Protein chains: 2
Amino acid sequence: MAYSKKEEFPDQDLRLAEIAKALSHPARIKILRILNQMNSCMVGGLVEQLPISQSTVSQHLTELRKAGLIIGEIDGPKVCYCINKEQLTKTKKAFDRLFSGIGCC
Amino acid sequence: MAYSKKEEFPDQDLRLAEIAKALSHPARIKILRILNQMNSCMVGGLVEQLPISQSTVSQHLTELRKAGLIIGEIDGPKVCYCINKEQLTKTKKAFDRLFSGIGCC
DNA sequence: TCCTTATATCGTATATTTACGATATACAAT
DNA sequence: ATTGTATATCGTAAATATACGATATAAGGA
């Protein structure tokens with residue numbers, strides 16, 4: 001088949017869908033919760049608290065980073081991840097706009 | 001590989017991830033917007049306003065229905081879809097809880 | 001320099017999603 | 001009864017996501 005019609009939808013809807021996709025796996029939601037709870041965390045600390053392998057955790061972190069929801073700072077041989085609060089605030093507002101734009105009280 | 005670790009995550013995170021997944025395609029977000037704008041709409045009306053085929057629209061509607069975000073009422077040979085405002089309100093609250101539980105202001 | 005540690009990336013297998021056309025179903029109207 | 005209309009479902013192909021182990025990379029310490 002000819003593929004991915006996603007680009008044919010309004011930009012606003014596409015961007016919101018992308019953020020929703022970043023939130024569409026329980027591991028990624030859990031990661032956000034852990035990062036908030038601990039303020040920041042090394043990858044190893046996350047791996048310890050998740051039932052998935054290091055390489056899979058790394059993949060999920062990459063997706064959260066691409067969506068702008070987290071930031072990773074290199075700290076020697078380690079990488080320290082934390083939540084991107086600014087982007088998260090924007091995301092919350094985008095969802096709020098969607099819900100109110102959809103007649104949600 | 002052995003598959004889907006999703007069940008190994010907290011129920012709350014899993015349910016929120018499922019709703020996020022329902023919102024993770026621009027066609028489904030557009031459908032919600034159209035349904036709100038028109039109050040309710042037959043499938044044919046949606047197909048006219050979307051750049052995808054009837055069968056694909058039907059698949060997206062099934063996913064939104066499974067997530068509880070829309071309701072379809074049979075009306076003769078047609079089906080009339082509308083937003084499930086009750087569920088949408090719950091969804092909004094679930095996202096709000098996530099965001100505040102994540103340190104979002 | 002060599003070893004250890006931490007993380008990312010590669011290669012790969014399987015599952016799921018997205019998309020379409022074709023077909024089935026369900027009802028209304030003739 | 002037959003025809004037409006609306007929608008869902010089936011079959012299928014391609015794309016993407018999920019998961020892992022193995023390997024590469026990068027930095028610190030011996």
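Just so it is clear, the values below take in all heavy atoms, side chains as well, and ignore hydrogens, waters and symmetry mates. To find a chain, count down the sequence lines: A is the first, B the second, and so on, and within it residues start at 1. Please read all numbers here as calculations on a predicted model, not as lab measurements.
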Query - Distance-only donor-acceptor test (3.5 Å): side chain Y3(B), base dA17(D) - result: no
Report summary line: To the nearest angstrom, the CG-C1' distance between D75(A) and dA26(D) comes to 13 Å
Query - Atom pair distance, as rounded to whole Å: CD in E7(A) and P in dA15(D) - result: 15 Å
Report summary line: With five pairs defining each end axis, the helix from dT1(C)-dA30(D) to dT30(C)-dA1(D) comes out bent, to 10°, by 10°
Query - Nucleotide nearest R65(B) when distance is taken to its side chain, options dA6(C), dT9(C), dA8(D) - result: dA8(D)
Requested in this report: Using heavy atoms and a sub-4.0 Å distance, could you list which residues of residues 15-29 of chain A are near DNA chain D? By number, please.
Outcome: K21(A), H25(A), R28(A)
Report task. Starting from C1' on dT25(D), measure out to CD1 on I74(A) and report it in whole angstrom. Result -> 11 Å
Report summary line: Tested for side-chain contact (heavy atoms from CB on, under 4.5 Å) against C41(A), the lone hit among V47(A), I31(A), N36(A), L35(A) is L35(A)
**Report entry** Residue Q37(B) excluded, over 12 heavy atoms near CD under 6.0 Å
**Finding:** no
Query raised in the report: With sequence neighbours excluded, what pairs up with T56(B) under the side chain to side chain donor-acceptor pair (under 3.5 Å) test?
Result: S53(B)
Query raised in the report: Which ring pair (Phe, Tyr, Trp, His ring centres under 6.0 Å) pairs, counting each pair once, include a residue from residues 25-77 of chain A, with sequence neighbours left out?
Result: H25(A)-H60(A)
Report task. Identify, residue by residue, the members of residues 30-52 of chain A with a heavy atom below 4.0 Å from DNA chain C, and return them in order of residue number, or none. Result -> M42(A), V43(A), G44(A)
Requested in this report: May I ask whether V57(B) and I34(B) are part of the same hydrophobic cluster, defined by side-chain heavy atoms of I, L, V, M, F, W, Y residues being less than 4.5 angstrom apart, directly or through others?
Outcome: yes
Using the 3.5 Å cut-off, write out each protein N or O paired with an N or O of nucleotides 21-26 of chain C and the distance between them.
residue: dG21(C); atom: N7; partner: S55(B); partner atom: OG; Å: 3.3
residue: dG21(C); atom: O6; partner: S55(B); partner atom: OG; Å: 3.3

Requested in this report: Can you tell me which residue pairs pass the salt bridge (Lys or Arg N to Asp or Glu O under 4.0 Å) test with a partner in residues 36-64 of chain B, sequence neighbours excluded?
Outcome: R28(B)-E63(B)
Requested in this report: Mind calculating the distance between CZ (F9(B)) and P (dT18(D)) to the nearest angstrom?
Outcome: 11 Å
**Report entry** Under the side-chain contact (heavy atoms from CB on, under 4.5 Å) test, residues paired with K90(A) that sit two or more places apart
**Finding:** Q87(A)
Query raised in the report: For the pair made of CG in L61(A) and P in dT18(D), what is the distance, rounded to whole Å?
Result: 13 Å
Report task. Take the protein atom NZ of K66(B) and the nucleotide atom P of dT9(D), then report the distance between them rounded to whole Å. Result -> 11 Å
Query raised in the report: To the nearest angstrom, how far is K78(A) atom NZ from dA6(C) atom C1'?
Result: 8 Å
Report summary line: Rounded to the nearest 0.5 angstrom, the CZ-CD1 distance for F95(B) and I19(B) is 6.5 Å
Report summary line: Here the gap from E86(A) atom CD to L88(A) atom CG, rounded to the nearest 0.5 Å, amounts to 11.0 Å
Query - E63(B), nearest nucleotide to its side chain (from dA8(C), dT18(D), dT18(C)) - result: dT18(C)
**Report entry** Common cluster, L32(A)/M38(A), ILVMFWY with side-chain heavy-atom separation under 4.5 Å
**Finding:** yes
Query raised in the report: Which whole-number value in Å describes the distance from I70(B) CD1 to dT7(D) P?
Result: 12 Å
What donor-acceptor contacts under 3.5 angstrom involve side-chain atoms of residues 66-83 of chain B, with partners at least two apart or in another chain?
residue: Y81(B); atom: OH; partner: R65(B); partner atom: NE; Å: 3.2
residue: Y81(B); atom: OH; partner: R65(B); partner atom: NH2; Å: 3.4

**Report entry** V79(A) side-chain proximity, nearest of dA6(C), dA19(C), dA8(C)
**Finding:** dA8(C)
**Report entry** dT17(C) OP1/OP2 closer than 4.0 Å to side-chain N/O of H60(B)
**Finding:** no
Check: residues 6-18 of chain B side-chain donor-acceptor pairs under 3.5 Å, at least two apart:
residue: D13(B); atom: OD1; partner: R33(A); partner atom: NE; Å: 2.6
residue: D13(B); atom: OD1; partner: R33(A); partner atom: NH2; Å: 2.8

Query raised in the report: Ignoring hydrogens and geometry, is there a side-chain-to-backbone donor-acceptor pair from S24(B) to K21(B) under 3.5 Å?
Result: yes
Requested in this report: Return no unless some side-chain N or O of Y81(B) is found under 4.0 Å from OP1 or OP2 of dA6(D).
Outcome: no
Query raised in the report: Between OG1 of T89(B) and CZ of F99(A), what distance do you get to the nearest 0.5 Å?
Result: 9.5 Å
